[in-house]
Amino acid sequence: MFDLTGKRALVTGATQGIGFAVAQLLAEHGAQVFVNGATSDDKCRAASEKIPNSVPVRADLTKMSEIDELYRKTGDVDILILNASIQYKRDWDSFTEEEFDSQLNCNLKSSYFLIKKYASHMMESKWGRIVTVGSVNQYNNHPQLALYGMTKAAQKKLVENIAPHLAPYNVTINNVAPGAIITPRNTEALSDAEFNKRVVASIPAGYVGSPEEVTPAILLLCSDEGRYITGSEIIIDGGMHL
């Protein structure tokens, strides 16, 4: 089950956290994986060295020119995991125009244009898997993540709208929405004992999750076993959105 031998996968934001864990799992199941990061060739190479049958590809997804260059570097792929995101914590009326644009471009605009670029080959070959990585903040109204939550909610709607157009070609597209997960982005905040206690209290399961608790669902959605799932969402948050 879940055999991805011969498939080519691109995972954005794959140098750490959930993206790295996804890239690792896809490779373990036979896929050749392109490991993308935004800021550093060295970080991409360091992550790729830990993942068998992988290739590092740096690209800043806030810039259209680099999205085009990323496609030139990878060529067509069979699996596209849109995990990269930018998150600024600010009061709702404190975001600068630059912060607004960078979140919107990375979290939403790049998703649309990457799907547009890579879906054509998938449709022609009659096989493809696209997974976007959302957030529990699509549902929860975090006081400092108004824009981040907005971009993730819009990405989910994008998935729902595109899915019917791809389904006749055996190409699926789905969203996975993690809750509080122990990643480098959250490590500093969760190291504060009082904050950690409040977060855990908001999770019915009673603990903060790990990337390895998110990745099995993504593997399912990328496999033949998940072929009948499209336009859907899997929320992996220990019940936090409730």
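Start at 1 with the first residue, then count along the sequence.
- Crowding of F95 atom CZ: a count of heavy atoms from other residues, nucleotides or ligands under 6.0 Å exceeding 12.
- Residues P168 and P164 approach most closely at CD-O, 3.3 Å, considering heavy atoms.
- Electrostatic pairing of R72 and E69 counts as a salt bridge here, judged by a charged N lying under 4.0 Å from a carboxylate O.
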Stepwise side chain to side chain contact (heavy atoms under 4.5 Å, CB included) check, L166 with I130: CA-CA 10 Å; L166 301 183; I130 302 170; 4.0 Å; yes
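- Within the model, atoms OG1 of T12 and CG of L70 stand 8.5 Å from one another, a figure rounded to the nearest 0.5 Å.
- Heavy atoms only, all atoms of each residue included: S102 and Y88 are closest at OG-CE1, 3.2 Å.
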K50 vs F20, side chain to side chain contact (heavy atoms under 4.5 Å, CB included): CA-CA, chis, key distance, verdict: CA-CA 10 Å; K50 300 173 185 175; F20 177 81; 3.9 Å; yes
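- The distance from atom NZ of K7 to atom CG of D3, rounded to the nearest 0.5 Å, is 9.5 Å.
- Scanning for ring pair (Phe, Tyr, Trp, His ring centres under 6.0 Å) contacts around Y139 gives H241, with sequence neighbours left out.
- When all heavy atoms are compared, the tightest approach of I235 to E233 is CG1-OE1, 3.7 Å.
- Under 3.5 Å, the side chains of Q103 and T151 contain no donor-acceptor pair of N or O atoms.
- A distance of 10.0 Å separates CG of N83 from OG of S111, quoted to the nearest 0.5 Å.
- Using a cutoff of 4.0 Å between basic side-chain nitrogens and carboxylate oxygens, R227 and D224 are not scored as salt-bridged.
- The backbone N or O of A177 lies less than 3.5 Å from no partner atom in the side chain of S135, so there is not a single donor-acceptor pair.
- For R185, the CZ atom counts as densely surrounded, since its 6.0 Å shell holds more than 12 non-hydrogen atoms of other residues, nucleotides or ligands.
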Side-chain donor-acceptor contacts of residues 116-123 below 3.5 Å, not counting sequence neighbours, with atom names and distances?
unit_1	atom_1	unit_2	atom_2	d
K117	NZ	D68	OD1	2.8
Y118	OH	T74	OG1	2.6

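- Judged by distance alone, with hydrogens and angles left aside, the side-chain atoms of N140 form no donor-acceptor pair with the main-chain N or O of H142 at under 3.5 Å.
- With hydrogens and angles ignored, the 3.5 Å screen pairs no side-chain donor or acceptor of D91 with any backbone N or O of S94.
- When atom types are taken as modelled, the side chain of H29 and the backbone of L4 share no donor-acceptor pair closer than 3.5 angstrom.
- In this structure, R198 has no side-chain hydrogen bond (donor to acceptor under 3.5 Å, both in side chains) partners at least two apart in sequence or on a different chain.
- Using a 3.5 Å distance cut-off with no hydrogens or angles, the side chains of T132 and N175 do pair a donor with an acceptor.
- The two atoms that bring A167 and T230 nearest to each other are CB-CG2, 4.3 Å, heavy atoms only.
- D78 places no side-chain N or O within donor-acceptor distance of the main-chain N or O of G128, the cut-off being under 3.5 Å.
- Separation of atoms CG (L82) and SG (C106) is listed at 10.0 Å; rounding is to 0.5 Å.
- Side-chain atoms of N36 never come within 3.5 Å of backbone atoms of V11 as a donor-acceptor pair (strictly under, hydrogens ignored).
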Exercise answer: donor-acceptor pairs, residues 51-61 side-chain atoms, under 3.5 Å, sequence neighbours excluded:
unit_1	atom_1	unit_2	atom_2	d
S54	OG	S48	O	2.9
S54	OG	S48	OG	2.7
S54	OG	I51	O	2.8
R58	NH1	A38	O	2.7
R58	NH1	E66	OE1	3.3
R58	NH2	E66	OE1	3.2
D60	OD1	T62	N	3.0
D60	OD1	T62	OG1	2.8
D60	OD2	T62	OG1	3.3

Please list every donor-acceptor pair under 3.5 Å in which a side-chain atom of residues 211-223 meets a protein atom from a residue at least two apart or in another chain.
unit_1	atom_1	unit_2	atom_2	d
E213	OE1	S210	N	2.9
E213	OE1	S210	OG	3.4
E213	OE2	Y207	OH	2.6
S223	OG	L220	O	2.7
S223	OG	E225	N	3.2
S223	OG	E225	OE1	3.3
S223	OG	G226	N	3.3

From CA spacing to verdict: side chain to side chain contact (heavy atoms under 4.5 Å, CB included), L114, I67: CA-CA 7 Å; L114 286 169; I67 291 175; 3.7 Å; yes
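- Side-chain contact between V200 and V208 is present, with heavy atoms from C-beta onward closer than 4.5 Å.
- Put simply, the side chain of I81 reaches to within 4.5 Å of the side chain of L26, judged on heavy atoms.
- For D42 and S40, the side-chain atoms include no donor-acceptor pair closer than 3.5 Å.
- Between A84 and N107, the shortest heavy-atom distance links the atoms O-OD1, 4.4 Å.
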Evaluation steps, side chain to side chain contact (heavy atoms under 4.5 Å, CB included), between W92 and L147: CA-CA 8 Å; W92 74 269; L147 294 186; over 6 Å; no
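- Annotation for A180 and I203: closest pair CB-CD1, 4.0 Å, computed over non-hydrogen atoms.
- Applying the salt bridge (Lys or Arg N to Asp or Glu O under 4.0 Å) test to every pair with at least one member in residues 146-166, sequence neighbours left out, gives these pairs: K156-E160, K157-E160.
- To the nearest 0.5 angstrom, I115 atom CD1 is 4.0 Å from I162 atom CD1.
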